Amino acid sequence: MFDDYYSIWGHEGEFPHTPPQAPPGEPDKAPQQDPRNPGNSPVPQRVQGRPKESMESIKELGTSPVPEVKSNIHCLTIVGQIEGHLVLPPQNKTTKYEHVIPQLVALEQSPEVEGVLVVLNTVGGDVEAGLAIAEMIASLSKPTVSIVLGGGHSIGVPIAVAARYSFIAETASMTIHPIRLNGLVIGVPQTYEYLDKMQDRVVRFVTQHSRISEAAFRDLMFRTGELARDIGTVLIGREAVEKGLIDEVGGVGQAVNKLKSMIEEYKLRNGVPVQ
Amino acid sequence: MILYTPMQLELVFDGLEEMQHVPVREVKVRGVPVLVQDTGPGEGKVVRLLSTDPRDYLRSDLCPGAVVKLYQCTSKEGYYT
């Protein structure tokens, strides 16, 4: 229907604008030269309105916009549930992997971003999505620092250890527990084997990217008596560092300072590009 | 899909049955293709970015949940909506 509508106007560009015509009775004189357009090529028409952003924010929010100073550090926040292939009901706060993954590509490629700070406060989530994000962070060539604030549970653990250097706040906790089955469960040995394989992926990633040994991590995973009605361990702040999972106890200040020094080191090692 | 979380799954999946499918459409916001869900007259909410340019994923005005004015959008084929 719209195709027909537009086709009667030859080409779309002509429809709304009438070509400029010289006023009658005026002698032909050379058109005035526009200093910005010396070649006198047609000036591109502004086709869409753009809100005056500063006025808008004063009117709507009562604030004037802060002048934009771009930081050389990008802060990637992983919060709530890490959403996988299923959209979770709206009461969940979620981190969407389909947005975070291309964002990490952009961070790797963008010249103005020199380091990435991963801020975690997550209750875990989908295994595949979590491991995908963790692998992306681990394979960034730029310096990365993670900081666990509040909680970095379950699949948050691989994401926290994926960064080059990791911090945990004094009061932050990390729950390490076995993967539980959800969805279709068939009572056959293969179900257990499948689950075991999924668990191995997490264990392997964590042991490869932190100082903890596989035996120690599995021990934490299957410990009984610490979580009520369940098996697993809660590590709080310093405990996570003592177990070798996280590198240091600290807050935002230390994390940013560490990232800055890592950026300096990275620049020295790779040489500063000649501008 | 396996959820690895210490949260009770009943809490996480609560309301999954009542979730209805919200219609989304593909539009271009200043040339960047996005999936938009209509929220009100002349307004939509970004559901997902479809761009293949990684730089677009760093833009805060196009992250999922951001509100876009539909007068800034063109349809997939390039017409004004």
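Per chain, numbering begins at 1; letters A, B, ... match sequence-line order. Every value quoted in this text rests on a predicted model; they were computed, and no experiment measured them.
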Of the backbone (N, CA, C, O) and the side chain (C-beta and beyond), which part of A:Leu195 lies under 4.5 Å from a heavy atom of chain B, both, or neither? side chain

Separation of A:Thr77 OG1 from A:Asn121 CG (nearest 0.5 Å): 10.0 Å

Interface residues of residues 12-19 of chain B facing chain A - non-hydrogen atoms under 4.5 Å apart: B:Val12, B:Phe13, B:Asp14, B:Gly15, B:Leu16, B:Met19

Give the C-alpha distance, both sets of side-chain angles, the deciding distance and a yes or no for side-chain contact (heavy atoms from CB on, under 4.5 Å) between A:Ile155 and B:Thr5. CA-CA 7 Å; A:Ile155 203 69; B:Thr5 172; over 6 Å; no

Winner by heavy-atom pair count (cut-off under 4.5 Å) against chain B, out of A:His99, A:Gln103, A:His153, A:Lys96: A:His99

Select one option (side chain, backbone, both, neither) describing which atoms of A:Gln91 are under 4.5 Å from chain B's heavy atoms. side chain

Quick check: are there more than 12 heavy atoms from other residues, nucleotides or ligands sitting under 6.0 Å from CZ of A:Phe222? yes

Check: A:Glu239 side chain, A:Ile236 main-chain N or O, donor-acceptor pair, under 3.5 Å: yes

Taking NZ, NE, NH1 and NH2 as the nitrogens, is one of them in A:Arg201 or A:Asp196 under 4.0 Å from a carboxylate oxygen of the other? no

Please report the interatomic distance CG(B:Leu35) to CD(B:Glu26), rounded to the nearest 0.5 Å. 6.0 Å

Report the C-alpha distance between A:Ile82 and A:Ile159 in whole Å, list the side-chain angles of each, state the deciding distance to 0.1 Å, and finish with yes or no for side-chain contact (heavy atoms from CB on, under 4.5 Å). CA-CA 11 Å; A:Ile82 293 159; A:Ile159 298 177; 3.5 Å; yes

Kindly compute the distance separating CG (A:Leu220) from OG1 (A:Thr175), expressed to the nearest 0.5 Å. 11.5 Å

If we ignore hydrogens and angles and just use 3.5 Å, is the side chain of A:Ser210 paired with the main-chain N or O of A:Val206 as donor and acceptor? yes

Apply side chain to side chain donor-acceptor pair (under 3.5 Å) to A:Tyr97 and list each qualifying residue two or more places apart in sequence or on a separate chain. A:His85

Give a yes or no on this: more than 12 heavy atoms of other residues, nucleotides or ligands lie within 6.0 Å of atom CZ of A:Arg204. no

Any residues in residues 106-115 of chain A near chain B, with a heavy-atom distance under 4.5 Å, and which are they? A:Ala106, A:Leu107, A:Gln109, A:Ser110, A:Pro111, A:Glu112

Most heavy-atom pairs under 4.5 angstrom with chain B, which of A:Gly125, A:Gly84, A:Pro90? A:Gly125

Test item: A:Thr122 side-chain N/O and A:Gly80 main-chain N/O as donor-acceptor pair under 3.5 Å: yes

Side chain, backbone, both or neither of A:Val87 within contact of chain B (heavy atoms, under 4.5 Å): both

For chain B, which of A:Val105, A:Val100, A:Ile179, A:Val202 has the most heavy-atom pairs under 4.5 Å? A:Ile179

Bottom line for A:Asp126: the part with an atom under 4.5 Å from chain B's heavy atoms is both

Evaluation steps, side-chain contact (heavy atoms from CB on, under 4.5 Å), between A:Ile78 and A:Val119: CA-CA 6 Å; A:Ile78 311 268; A:Val119 180; over 6 Å; no

So if I take each residue of residues 42-54 of chain B and look for any heavy atom under 4.5 Å from a heavy atom in chain A, which residues do I end up with? B:Arg48, B:Leu49, B:Pro54

B:Leu3 versus chain A, heavy atoms under 4.5 Å apart: side chain, backbone, both or neither? both

Could you go through the side-chain hydrogen bond (donor to acceptor under 3.5 Å, both in side chains) check for A:Ser154 and A:His177 one step at a time? CA-CA 7 Å; A:Ser154 314; A:His177 63 102; 2.6 Å; yes

Less than 4.0 angstrom from a charged side-chain N to a carboxylate O is my criterion; do A:Glu214 and A:Arg218 meet it? yes

Does the A:Glu226 side chain pair with the main chain of A:Val234, one donor and one acceptor, at a distance under 3.5 Å? yes

Answer key: most heavy-atom pairs under 4.5 Å with chain B among A:Gln81, A:His74, A:Met198 is A:Gln81

side-chain contact (heavy atoms from CB on, under 4.5 Å) between A:Met174 and A:Val148, intermediate numbers included: CA-CA 9 Å; A:Met174 298 178 96; A:Val148 181; 4.3 Å; yes

